[in-house]
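Below: the structure, in structure tokens.
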Amino acid sequence: MSEHPSEWQASACILCECNCGIVVQVRDRTLARIRGDKEHPASRGYTCNKALRLDHYQNNPNRLTSPMRRRPDGTYEEIDWETAISEIADGFRAIAANHGGDTILYYGGGGQGNHLGGAYSGAFLKALGSHYRSNALAQEKTGEHWIDTHLYGNHTRGEFEHAEVAVFVGKNPWMSQSFPRARVVLNEIARDPGRSMIVIDPVITDTARMADIHLRVRPGSDAWCLAALAGVLVQEDLCDDAFLAAHVNGVDAVREVLREVPVAEYARRCGVDEALIRSAARRIAAAGSVAVFEDLGVQQSLNSTLCSYLNKMLWILTGNFAKRGAQHLHSSFAPLFRPGGVGRTPVTGAPIIGGLMPSNVIPEEILTDHPDRFRALIVESSNPAHSVADSAAVRRAFSELELLVVIDVAMTETARLAHYVLPAASQFEKVEATFFNLEFPHNTFHLRHPLMEPLPGTLPEPEIWARLMRALGVVDDAELAPLRRAAAQGLPAYTEAFLTAVSANPGLGKVLPFVLYETLGPTLPEGLSGAAALWGLAQKAALTYPKAVHRAGHADGNALFTAILDGRSGVTFTEHEYQDDFALISHPDRRIALEIPEMLADIRALADAADALTDDEFPIVLSAGERRAYTANDIIRDPAWRTRDPDGALRVSVHDAAVLGLVDGGRARITTAAGTAEATVEISEAMLPGHASLPNGFGVDHLRPDGESLSPGVAPNTLTSSGRRDAYAGTPWHKHVPARIERVCADGLVGVT
Ligand SMILES: Nc1nc2c(c(=O)[nH]1)N[C@H]1C(S)=C(S)[C@@H](COP(=O)(O)OP(=O)(O)OC[C@H]3O[C@@H](n4cnc5c(=O)[nH]c(N)nc54)[C@H](O)[C@@H]3O)O[C@H]1N2
Ligand SMILES: Nc1nc2c(c(=O)[nH]1)N[C@H]1C(S)=C(S)[C@@H](COP(=O)(O)OP(=O)(O)OC[C@H]3O[C@@H](n4cnc5c(=O)[nH]c(N)nc54)[C@H](O)[C@@H]3O)O[C@H]1N2
Ligand code: SF4
Ligand SMILES: [Mo]
């Protein structure tokens, strides 16, 4: 007999960084009905098409239900948690003892919806002496972060809801969202004759279709387009001189370089009409407010770090900062990047930005005789064997490791290479949250309560990490006793005891999340012990942004923590005033430092730089990994989730289809320097000649209930190469893969045309 559906319970969608609030009715452990949560302070009832079928994530045959250990023949056996934890802890301890803790690498720490587990990993890694980290941010955002660090030392975000002009650079928010209520906001901008949308994208995307100005660049030529736009701002005297004088250093050096940009020639090089570039620059300069979003179209293509620099010129030179509808620095509940300068990786000397090494160099950091090579890896909530460039190289490297442990909900491509796989409770079975808290002036944090018990055999990550820590035995339990006693007396007593304990033993501070979990965790309401680490973060937020936290209605860190525990639909944790943007600049003079000499040299060098990687052998630019209506990274493995584009079609232009003899719905073979794959063809008016695209999130194995395994579509990173990456950040050029496309005939042969 089926259980009655539960009351509507608040949670969030976990498929993109927006984490829209949802309310859910649960029946027999299924997410039976899902709606947008009107009480959520950021999404206010909004969801896109993807959230309503989240049960395909929650319930699917790929869920893990027991720790697994690999046998010598490559098959897996189920083992109990005690055995798994003690063998894994022993394994890492031995590697740290024999080769040093720094030969243990950590990858991941959270996908689009789950960062709480990752918050606990640090204690275990520190206890082992491991410092090196990487995750998906080092496949996209580290170049922008490097620029942000130079300019103002913080992350910026556009306030699109109120922007007069919204600019999207290699970003298709209609499909990929990424800011609150994206489709509502895009519709409002498109409908309002006083507001404008400018899109820079080679594809006529759904967003580009709504735009007032579409700068349809040739793939990979954004640097010339952006340099021309910034050049027009300087050359036509469209800059906000008063703002620049009051708030920006290094302007003269930048003006000097931009004054020399040959706008007409660069317009030609990026394939956009010069007049259109000029009118876009003038529209930006005339606007009362401008918000800009750069994303993967430039961050995963040629000159990506330079493009990040240039696109920021559009709003800095025009003074679109610290005012309504413009660009803002924002508070953060937990920083996604570590502070500090650029480090280097032990083997290849690749840049470590914000504490993250480029995902692309990982195979080279393992597949070598170098004494400092990585020997062991922990992967948490990530699927690098599928999501990192050159899957074949990644898999080769992972199979060389002495110890690979994967923590996931599903038996992923990466898990199938692991020595041990640990099954996590799903994001609807445990307390969870993300640190994608990026808005200004109101910034929100949402602690999601569990909707049901963990699936038998699984554990929430905070408990997994605590068990691993206990097995290492580095914290003397007696030291935790006073904190446990104080926690039972309430937060004020705990705060006092905590300060005493940490000043008496600074070692405790190093393994802080573990200490909080062990002492405060047990006193938190049923199911919420995993939220203990947030206590420390709430204190930090209250200390860092005292006025903004106060304005948001929280007297201090303890009040904020309590509000987070109580607020089922999320809370606003900071409420800033526009002027606060200046105080959020981390440079001591609170001014933007515009001059970055390497970038200015690169702008000059554009005159002679090559703007294509294609050649006779690989004449087409393949964008490997486009966001579409039913893609969500590797989070949902069940193809039945999708209501359209079941095979993840290869989109090609009408021109290329004619030349190559491709037919709509037919098959094509794609060959790149890294590999080859077959896809279903979709002939599309949206694509430029010479440009083709494949979606992300396809080519993951799915086990059907009847035991059959399916893997529709192309795994994009079978076609990408590790060496194709940005000079500064090492971020991959997934959107710019030189490729050859051929027709596959019904008999399976490649057609000759
Ligand atoms: N539906 C869906 N939404 C998602 C995700 C998902 O998997 N599916 N993933 C989330 C994640 S992790 C991220 S990082 C974001 C990414 O969000 P987006 O960056 O918006 O996603 P993409 O579609 O990968 O790339 C954006 C655009 O880049 C364009 N492009 C390709 N080559 C070039 C070029 O040379 N120049 C320019 N200017 N543009 C180019 C493509 O045509 C595409 O429209 O999406 C998030 N949202
Ligand atoms: N070619 C190409 N490659 C790309 C991209 C591209 O556009 N093109 N995009 C890149 C980008 S921007 C990103 S963000 C990355 C994303 O790639 P990854 O960082 O690898 O992340 P996801 O694909 O989101 O995988 C999330 C994993 O978390 C697991 N998971 C879900 N819930 C839980 C949980 O509660 N606990 C645990 N422990 N695990 C859980 C899922 O099963 C899945 O295996 O891909 C990158 N790779
Ligand atoms: S996919 Fe993103 S925008 Fe869509 S409902 Fe989920 S969190 Fe919101
Ligand atoms: Mo991403």
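Remember, predicted model here, so these are calculated numbers, not experimental data. In listed order, ligands and their atoms are each counted from 1.
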Original post:
Can you find an N or O of Ile407 that's nearer than 3.5 Å to an N or O of ligand 2?
Top reply: yes
Original post:
So, His155 versus Phe337, ring centres under 6.0 angstrom or not?
Top reply: no
Subject >> Residue part near ligand 2, for Ala424, under 4.0 Å between non-hydrogen atoms >> reply: side chain
Subject >> Test log, rule side chain to side chain contact (heavy atoms under 4.5 Å, CB included), inputs Phe168 and Asp201 >> reply: CA-CA 8 Å; Phe168 299 112; Asp201 200 307; over 6 Å; no
Subject >> Distance-only N or O hit between ligand 2 and Tyr57, under 3.5 Å >> reply: yes
Subject >> Any N or O of Asn717 closer than 3.5 Å to N or O of ligand 2 >> reply: yes
Original post:
Which count of protein N, O or S atoms is obtained for distances strictly below 2.8 Å from atom 2 (Fe) of ligand 3?
Top reply: 1
Original post:
Angle class for the Trp465/Phe124 ring planes (parallel below 30°, perpendicular above 60°, tilted otherwise)?
Top reply: tilted
Original post:
So is Asn383 polar-close to ligand 2, meaning N/O to N/O under 3.5 Å?
Top reply: yes
Original post:
Near Lys430, which atoms of ligand 2 are under 4.0 Å from a heavy atom of that residue?
Top reply: 34 (C), 35 (O), 36 (N)
Original post:
Should Glu626 and Arg651 count as an ion pair when the cut-off is N to O under 4.0 Å?
Top reply: yes
Original post:
Among all residues two or more places apart in sequence or in another chain, which pass the side-chain hydrogen bond (donor to acceptor under 3.5 Å, both in side chains) test with Arg63?
Top reply: Glu429
Original post:
Say you draw a straight line from CH2 of Trp641 to OG1 of Thr631; how long is it, rounded to the nearest 0.5 Å?
Top reply: 6.5 Å
Original post:
Do side-chain atoms of Asn62 reach the backbone of Met411 as a donor and acceptor pair under 3.5 angstrom?
Top reply: no
Original post:
When you check the gap from the basic side-chain N to the acidic O, do Glu453 and Arg29 get nearer than 4.0 Å?
Top reply: no
Subject >> Every residue of the protein that comes under 4.0 Å of ligand 1, judged on heavy atoms >> reply: Cys16, Lys50, Gln112, Glu140, Gly170, Lys171, Asn172, Met175, Ser176, Ile200, Asp201, Pro202, Val203, Thr205, Pro219, Gly220, Asp222, Asp295, Leu296, Gly297, Ser301, Ser623, Gly625, Glu626, Arg627, Arg628, Thr631, Ala632, Asn633, Asn696, Lys735
Original post:
Short N/O distance, under 3.5 Å, between Gln427 and ligand 2?
Top reply: yes
Original post:
Does the N or O separation between Ser426 and ligand 2 drop below 3.5 Å for any pair?
Top reply: no
Subject >> Qualifying residues under salt bridge (charged side-chain N to carboxylate O under 4.0 Å, His left out), relative to Arg637, sequence neighbours excluded >> reply: Glu413
Original post:
Are Arg642 and Phe698 in a cation-pi setup, meaning NZ or CZ lies under 6.0 angstrom from the ring centre and within 45 degrees of the ring axis?
Top reply: yes
